[in-house]
Amino acid sequence: MSVHDTIEVDADDFPYTQSVDLSDGVFLFTFQWNETDQHFTVDVADAEGNDIRKGEVLILNQALWRGINDDALPTDTIIPMDESGNETQIDPGNLGDTVQLCIDDIVI
């Protein structure tokens with residue numbers, strides 16, 4: 001069971017788009033698997049489908065859109081992580097299973 005709130009991801013359905021309700025609105029996330037480079041990417045668009053950012057690579061324990069200054073991006077910090085700490089990379093066998101897109105909203 002996840003400690004963080006998570007964004008559901010179904011690695012069996014790639015590529016696909018889903019609506020994601022975050023603290024500052026609804027966004028469309030499009031997930032892809034790049035077979036050549038062996039990594040997952042996510043595109044984010046507003047609720048009307050207007051692209052905000054494309055091709056963000058999912059890197060384990062690294063926040064999405066880190067270092068990007070764009071007011072249109074979601075304000076929630078979203079981090080692909082394995083809360084158990086066992087995984088060392090993201091792959092089709094663990095994304096949506098042991099690796100989740102976690103919303104970093106835990107106050108300690």
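- A donor-acceptor pair shorter than 3.5 Å cannot be found between the side chains of Q100 and H4.
- Note: I7 CD1 to D21 CG = 10.0 Å, rounded to the nearest 0.5 Å.
- The minimum heavy-atom distance linking L60 with E87 is given by the pair CD2-O, 3.2 Å.
- If you chain together hydrophobic residues whose side chains sit under 4.5 Å apart, F29 and I79 never meet in one group.
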Return a table of donor-acceptor pairs under 3.5 angstrom between the side chains of residues 9-16 and protein atoms on other chains or two or more places apart.
unit_1 : atom_1 : unit_2 : atom_2 : d
D10    : OD1    : D12    : N      : 3.1
Y16    : OH     : D10    : N      : 2.9
Y16    : OH     : Q18    : OE1    : 3.2

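- In this structure a side-chain-to-backbone donor-acceptor pair under 3.5 Å is missing from D51 to K54.
- Side chains of T75 and D24: a donor-acceptor N/O pair is present below 3.5 angstrom, by distance only.
- Legend: salt bridge (Lys or Arg N to Asp or Glu O under 4.0 Å) pairs involving residues 68-81, not counting sequence neighbours: none detected.
- Contact record, V99 with Q89: CG2-O, 4.4 Å, taken as the closest heavy-atom pair.
- Checked by atom type and distance alone, the side chain of D82 pairs as donor or acceptor with a backbone atom of N86 at under 3.5 Å.
- Atoms CG and OG1, on L64 and T77 in that order, are 9.5 Å from each other to the nearest 0.5 Å.
- The two residues A47 and L28 make their nearest non-hydrogen contact at O-CD1, 4.0 Å.
- The two atoms that bring P74 and L22 nearest to each other are CB-CD1, 3.5 Å, heavy atoms only.
- To the nearest 0.5 Å, atoms CZ (R66) and CD (E56) are separated by 5.5 Å.
- Two different hydrophobic clusters hold L73 and I59 under the rule that ILVMFWY side chains link at heavy-atom gaps under 4.5 Å.
- Between W33 and P92, the shortest heavy-atom distance links the atoms CH2-CD, 3.6 Å.
- With rounding to the nearest 0.5 Å, the separation of CD1 in I78 from CG in L58 is 10.0 Å.
- In this structure, a donor-acceptor pair under 3.5 Å is present between the side chains of D46 and N50.
- Smallest separation of non-hydrogen atoms from F31 and V42: CE2-CG2, 3.8 Å.
- For the atom pair CD1 (I90) and CD (Q38), the distance works out to 13.0 Å, reported to the nearest 0.5 Å.
- Distance alone, capped at 3.5 Å, is enough to place a donor-acceptor pair between the E83 side chain and the V3 backbone.
- Without hydrogens or angle criteria, D43 side chain to G55 main chain gives a donor-acceptor distance under 3.5 Å.
- Remark: the backbone N or O of N34 is not paired with any side-chain donor or acceptor of D37 at under 3.5 angstrom.
- Placement of I103 and I68 within a single hydrophobic cluster is found when ILVMFWY residues are connected by side-chain heavy-atom separations under 4.5 Å, directly or transitively.
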